[in-house]
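Everything below concerns the one structure shown next.
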There are 2 protein chains.
Amino acid sequence: MDEIAEAAEKLKLLGDKTRLTILCLLKDREWCVCELVDVLSISQPGISQHMRKLKSHGIVNESRRGQWVYYSLRIQDKPYIQAVLDYMPGTAGTLSLLNKKEPGQCCN
Amino acid sequence: MDEIAEAAEKLKLLGDKTRLTILCLLKDREWCVCELVDVLSISQPGISQHMRKLKSHGIVNESRRGQWVYYSLRIQDKPYIQAVLDYMPGTAGTLSLLNKKEPGQCCN
DNA sequence: ATATCATATAATTATATGCTTATATACTTT
DNA sequence: AAAGTATATAAGCATATAATTATATGATAT
């Protein structure tokens, strides 16, 4: 697959409101699935499926700790994704767009 | 629509191989529809529909001159789109990915 | 006016996408 | 081992998307 096709595939992943929101939340810290469920208006399997796509394209890291699964950004080697996220709100700004507070203690 | 939703909508436009290729071709000069048809493996109505989407989101300018319609980038005010395209090939590199030469004199 | 060329729109179709509910897997605690 | 909690997978459905073909619009030239 050529350079353009590969970039298009990644950009398509960013081109979904829910996924882009997740990536914005991940800008400042890792999040576990239960926290994302708390904050986004979508079911747990919905979150899970989005994370699988992001993971399969190498955009997030997965880390199982105890019964929880934490996701974090993995975009050091993906400059144009970094560039996009640089122009997007971080955790706090995204939460306020969602009219949500930092999720409580669902995982610890 | 909030900031994230709006960005997602624009990124979705970039997340299609054909459209992203068109934007890469437009990096260095304007192109008319007939040239794009020459170079991309897609029908003329296909091109037309992609250009309409790009135009309706303000990503390209349209300029009718004679019987031809020329499109050019309009991304000065869209920094993250600029950033993405900065990492993508320009006209020449894109043509070589497509195994095509500069289109001949279809419009003049 | 008519013919020709360039582009746009409409209608259709096949496929992809995002979501939901139901169920399975994995880990932890008792 | 059994129950409880967190996450993942599967199946199904509704909508969106990108392509095609057919047709309409618009501009130019004879």
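The figures here come from the full heavy-atom set of this structure, side chains too, leaving out hydrogens, waters and symmetry mates. Numbers restart at 1 for each chain; the letters A, B, ... are given by sequence-line order, proteins then strands.
Minimum atom distance to the side chain of B:Q67 is reached by C:dC5, of the listed C:dC5, D:dA6, D:dT7.
For the pair A:E35 CD and D:dT5 C1', the interatomic distance rounds to 15 Å; values are reported in whole Å. Taking atom CH2 of residue A:W68 and atom C1' of nucleotide D:dT5, one finds them 8 Å apart after rounding to whole Å. Rounding to whole angstrom units, CG of residue A:L54 and P of C:dT17 are separated by 13 Å. Atom CZ in B:R64 sits roughly 13 Å away from atom P in D:dT25 (whole-Å rounding). When the P atom of C:dT28 is taken as reference, atom CZ of A:R65 falls 12 Å away, rounded to whole Å. In this entry the distance linking CZ of A:R52 with C1' of D:dA6 reads 16 Å, nearest Å. Regarding B:W31, its CH2 atom lies at a distance of 13 Å from the P atom of C:dT7, rounded to whole Å. In this structure, the CD1 atom of A:I47 is 16 Å from the C1' atom of C:dT17, given to the nearest Å.
The cationic group of A:R65 lies under 6.0 Å from the six-membered ring centre of A:Y70 and within 45° of the ring axis, placing it in a cation-pi geometry.
No contact: A:C107 has no heavy atom under 4.0 Å from any strand. Residue-level contact check: B:C106 touches the backbone only, with heavy atoms under 4.0 Å from sugar-phosphate atoms and none from bases. In this structure, A:Y70 reaches neither bases nor backbone, as no heavy-atom distance under 4.0 Å exists between it and the strands shown.
In this structure, B:V37 is a member of the same hydrophobic cluster as B:L20, with clusters built from ILVMFWY side-chain heavy atoms closer than 4.5 Å.
Contact annotation: the side chain of A:M51 never approaches that of A:R19 to less than 4.5 Å [non-hydrogen atoms, C-beta and beyond].
Test A:V60, A:L73, A:L36 against A:I22 for side chain to side chain contact (heavy atoms under 4.5 Å, CB included) and you get one pass: A:L36.
Screening residues 71-91 of chain A for salt bridge (charged side-chain N to carboxylate O under 4.0 Å, His left out), with sequence neighbours left out, gives no hits. Among residues at least two apart or in separate chains, salt bridge (charged side-chain N to carboxylate O under 4.0 Å, His left out) pairs with a member in residues 43-61 of chain A are A:K55-A:E62.
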Nucleotide-resolved protein contact map, nucleotides 11-23 of chain D, B/S/- at heavy-atom distance under 4.0 Å: B-----SSBBBB-
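With B:S48 contributing its side chain and B:Q44 its backbone, the two residues share no donor-acceptor pair below 3.5 Å.
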